[in-house]
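Right, one structure below, let's go through it.
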Amino acid sequence: MQEIGQLVLGIDLCDDITQVTVLRPHAAEPDAVYFDARTRKEFLPTVLCVRETGNYSIGFAEEQGDKVIANFFHTAVNGGEVFCGDTAYSGRALLESYLDLLLQMVRERFFGQEIGFVAVTCEEANTNEAAGRLLLDILEEKEALRGKCLVLSHLEAFLHFAIRQEEGLWKNGSAAFDYAADGLLFYYMECRSAGGRRLVLADYKDYSEIIPADFTKTKETERVALTFERLAGMALQQKASSLFVTGRRFEGEWVSDVLRLLSGGRRVFRGENLYTQGACYVAAGEFRQEQNADFSLLMPEQITADVYLIAETSASEGEVLMAKVGETYSRVHAEAAVLLDTTGKFSFKIVPAGRGASFSVRVAPKDLELRPDRTSRYLVRVFFVKRDYMAIQIKDIGFGEFYPPTHRIYEELVDLSQFGT
């Protein structure tokens with residue numbers, strides 16, 4: 001294993017605060033970077049301060065008269081501008097300056113030591129690819145970081161954090177609630193074994209419409225506690241071994257009361273550096289050029305089974321692979337021209353990732369003609385509308401000049417999560 005000889009950083013960047021975790025040379029575990037050594041403050045406000053000289057500082061205004069610019073991260077992602085007084089600032093330029101000063105601050109904190117790798121995580125990357133691309137572009141523009149950086153979603157950072165805990169905490173699944181600036185979010189991971197490897201199936205749900213960011217300010221604490229307790233009970237139907245709770249809006253006695261109720265049969269943890277630690281673990285692995293042969297992560301947009309069409313084509317009879325484990329569901333578009341068997345049904349073999357035996361799904365098209373002597377020829381298309389929802393489209397393409405195509409189409413939607421469990 002390559003020894004850590006430089007600083008390895010995990011950075012959690014939000015629109016209002018920033019956290020940094022560092023793995024120092026020869027250290028076994030990451031540590032939080034404290035931006036105020038006296039108060040051991042782990043949060044740095046995501047703000048830029050413009051001095052009268054035109055120079056920037058970050059985190060806190062240093063002198064009276066400094067102009068404070070906040071909320072520029074979302075603006076940068078959307079390609080917009082931020083106005084401070086009569087001056088317009090490019091959101092991207094502000095983000096570039098902020099990251100420059102942040103990395104400079106960390107280096108100074110550790111006596112100018114070189115940075116070996118940086119992993120940045122943000123909530124926006126859960127659903128917005130543009131946020132990840134923007135951050136990566138800005139980091140890669142820095143010569144010292146070219147090829148030494150990556151961007152993760154909060155979901156990915158949670159997964160990497162969880163699987164580096166003791167096995168008993170994640171073997172039967174692990175979950176996290178995050179109650180921060182945008183409302184309540186839920187992450188879940190399920191582990192399966194397949195061919196000597198661990199498959200980590202990830203899920204993500206946004207409950208911010210049920211429990212928005214300002215819910216604790218506008219509602220009685222009893223109502224907040226009851227709403228969260230019911231929602232958590234619904235979300236945790238799977239028997240997770242552990243539950244992590246993070247986010248600055250989890251505060252007050254109601255949180256402790258509800259967490260005690262949720263701790264039955266599982267271990268519950270509450271903390272604020274989950275994402276930065278997960279990012280730092282990934283950065284350390286990249287810096288050491290480790291190949292993780294034990295785990296494969298399947299994100300929510302990736303399908304969890306191989307799909308075979310069992311049919312006779314013009315060339316052969318057997319299994320036709322239509323979709324493969326790990327493919328992004330929106331990119332699955334497979335088709336095959338096949339002959340309908342004498343039963344008038346099509347069969348699909350589904351091989352779930354690490355879930356044991358395969359199972360079959362049979363589709364009986366309605367209003368499609370079954371012709372004699374193996375002349376019922378159809379085009380079968382398979383695509384996915386969600387991770388576990390497979391759409392099947394069957395179109396009559398005829399059989400040469402003897403049986404012209406009718407172009408009739410039969411469609412069926414199959415929920416694969418209802419089978420083989």
Side-chain angles (χ1 to χ4, degrees), residues 9-21 33-36 41-109 112 115 118-146 148-154 157 178 180-183 208 212-214 247-249 275-276 279:
L9 304 181
I11 300 174
D12 181 26
L13 181 63
C14 300
D15 207 40
D16 56 346
I17 65 154
T18 299
Q19 289 179 273
V20 180
T21 298
V33 173
Y34 297 109
F35 296 101
D36 187 325
K41 190 179 184 65
E42 298 180 22
F43 302 117
L44 180 73
T46 308
V47 302
L48 274 169
C49 303
V50 186
R51 300 174 184 170
E52 292 183 356
T53 60
N55 296 327
Y56 290 120
S57 64
I58 66 171
F60 309 93
E62 296 185 353
E63 300 177 4
Q64 188 175 3
D66 286 354
K67 297 178 181 179
V68 176
I69 305 177
N71 304 317
F72 54 81
F73 181 33
H74 284 160
T75 304
V77 172
N78 295 320
E81 294 180 326
V82 176
F83 283 86
C84 184
D86 296 330
T87 307
Y89 297 87
S90 159
R92 176 176 177 133
L94 293 173
L95 182 57
E96 289 175 352
S97 297
Y98 181 82
L99 288 172
D100 280 338
L101 291 169
L102 177 66
L103 293 171
Q104 178 183 326
M105 176 187 289
V106 173
R107 282 194 297 267
E108 291 173 353
R109 187 66 51 87
I115 295 174
V118 177
V120 178
T121 180
C122 64
E123 180 195 321
E124 283 76 8
N126 285 334
T127 56
N128 188 346
E129 292 183 2
R133 286 197 302 270
L134 173 66
L135 283 170
L136 191 59
D137 287 347
I138 291 174
L139 292 171
E140 286 283 355
E141 287 173 359
K142 307 178 191 308
E143 186 175 349
L145 291 182
R146 197 163 297 138
K148 301 179 182 178
C149 51
L150 54 81
V151 178
L152 307 169
S153 67
H154 272 181
D178 182 355
D182 294 329
S208 56
D214 61 351
R248 299 178 310 288
R249 297 189 184 276
Y275 302 126
T276 52

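Everything numeric here is computed off the predicted structure, so don't read it as measured data. Residue numbers start at 1 and run along the sequence shown.
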Closest approach of Ala213 to Ala180 (non-hydrogen atoms, all atoms of both residues): CB-O, 3.9 Å
On a heavy-atom basis, the closest approach of Cys84 and Val68 is SG-O, 4.3 Å
Which atom pair, heavy atoms only, marks the closest approach of Leu135 to Cys122? CD1-SG, 3.8 Å
What distance do Asn128 atom CG and Asn78 atom CG have between them, rounded to the nearest 0.5 Å? 7.5 Å
Side chain proximity check, Thr87 to Val50, heavy atoms < 4.5 angstrom: no
Whether the side chain of Arg249 engages the backbone of Asp182 through a donor-acceptor N/O pair (distance < 3.5 Å, no angle test) should be reported. no
Excluding sequence neighbours, so at least two apart, what forms salt bridge (Lys or Arg N to Asp or Glu O under 4.0 Å) with Asp137? none
By side-chain hydrogen bond (donor to acceptor under 3.5 Å, both in side chains) - contacts of Arg107 (at least two apart): none
What pairs with Ser97 under side-chain hydrogen bond (donor to acceptor under 3.5 Å, both in side chains), at least two apart in sequence or on another chain? none
Under the salt bridge (Lys or Arg N to Asp or Glu O under 4.0 Å) rule, what pairs show up with a residue in residues 118-129, not counting sequence neighbours? Glu129-Arg133
Side-chain heavy-atom pair Met105, Val20 within 4.5 angstrom cut-off: no
Backbone N or O of Gln19 within a donor-acceptor pair of the Asp12 side chain at under 3.5 Å? no
Side chain to side chain contact (heavy atoms under 4.5 Å, CB included) filter on Asp86, not counting sequence neighbours, yields none
Provide the closest heavy-atom pair for Ala157 versus Ala279 in the form atom of the first, atom of the second, distance. CB-N, 4.3 Å
Suppose we screen for ring-ring contact (aromatic ring centres under 6.0 Å, His included). Which residues come up paired with Phe72, at least two apart in sequence or across chains? Tyr98
Minimum heavy-atom distance Leu136-Val151, with the two atoms named: N-CG2, 3.7 Å
Pair Leu94, Tyr56 - check side-chain contact (heavy atoms from CB on, under 4.5 Å), show working. CA-CA 10 Å; Leu94 293 173; Tyr56 290 120; 3.9 Å; yes
Can you tell me if Thr46 uses its side chain to pair, donor with acceptor, with the backbone of Cys14 under 3.5 Å? yes
side-chain contact (heavy atoms from CB on, under 4.5 Å), that's the test. Do Phe35 and Leu102 meet it? Break it down for me. CA-CA 10 Å; Phe35 296 101; Leu102 177 66; 4.2 Å; yes
Separation of Leu101 CG from Glu96 CD (nearest 0.5 Å): 12.0 Å
Quick one: are Leu103 and Leu145 in side-chain contact, heavy atoms under 4.5 Å? yes
By side-chain hydrogen bond (donor to acceptor under 3.5 Å, both in side chains), Asn55 pairs with (sequence neighbours left out) Thr53
Chi angles and distances behind the side-chain contact (heavy atoms from CB on, under 4.5 Å) call for Glu81, Tyr89: CA-CA 5 Å; Glu81 294 180 326; Tyr89 297 87; over 6 Å; no
Report the residues that fulfil salt bridge (Lys or Arg N to Asp or Glu O under 4.0 Å) with Asp100, sequence neighbours left out, ordered by chain and then residue number. Lys142
Kindly indicate, with the supporting measurements, whether the criterion side-chain contact (heavy atoms from CB on, under 4.5 Å) is fulfilled by Leu44 and Val33. CA-CA 10 Å; Leu44 180 73; Val33 173; over 6 Å; no
Taking atom OH of Tyr275 and atom CG of Leu13, what is their separation to the nearest 0.5 Å? 14.0 Å
Checking Ser90 now: which residues fulfil side chain to side chain contact (heavy atoms under 4.5 Å, CB included) with it, not counting sequence neighbours? Arg92, Ala93
Where Arg146 and Glu140 come nearest, the two heavy atoms and their spacing: NE-O, 3.1 Å
Hey, what do you get for CD1 (Ile11) to CG (Leu152), rounding to the nearest 0.5 Å? 11.5 Å
About how many Å separate OG1 of Thr75 and CG of Asp15, when rounded to the nearest 0.5 Å? 7.0 Å
Across all chains, not counting sequence neighbours, the side-chain hydrogen bond (donor to acceptor under 3.5 Å, both in side chains) partners of Glu108 are Gln104
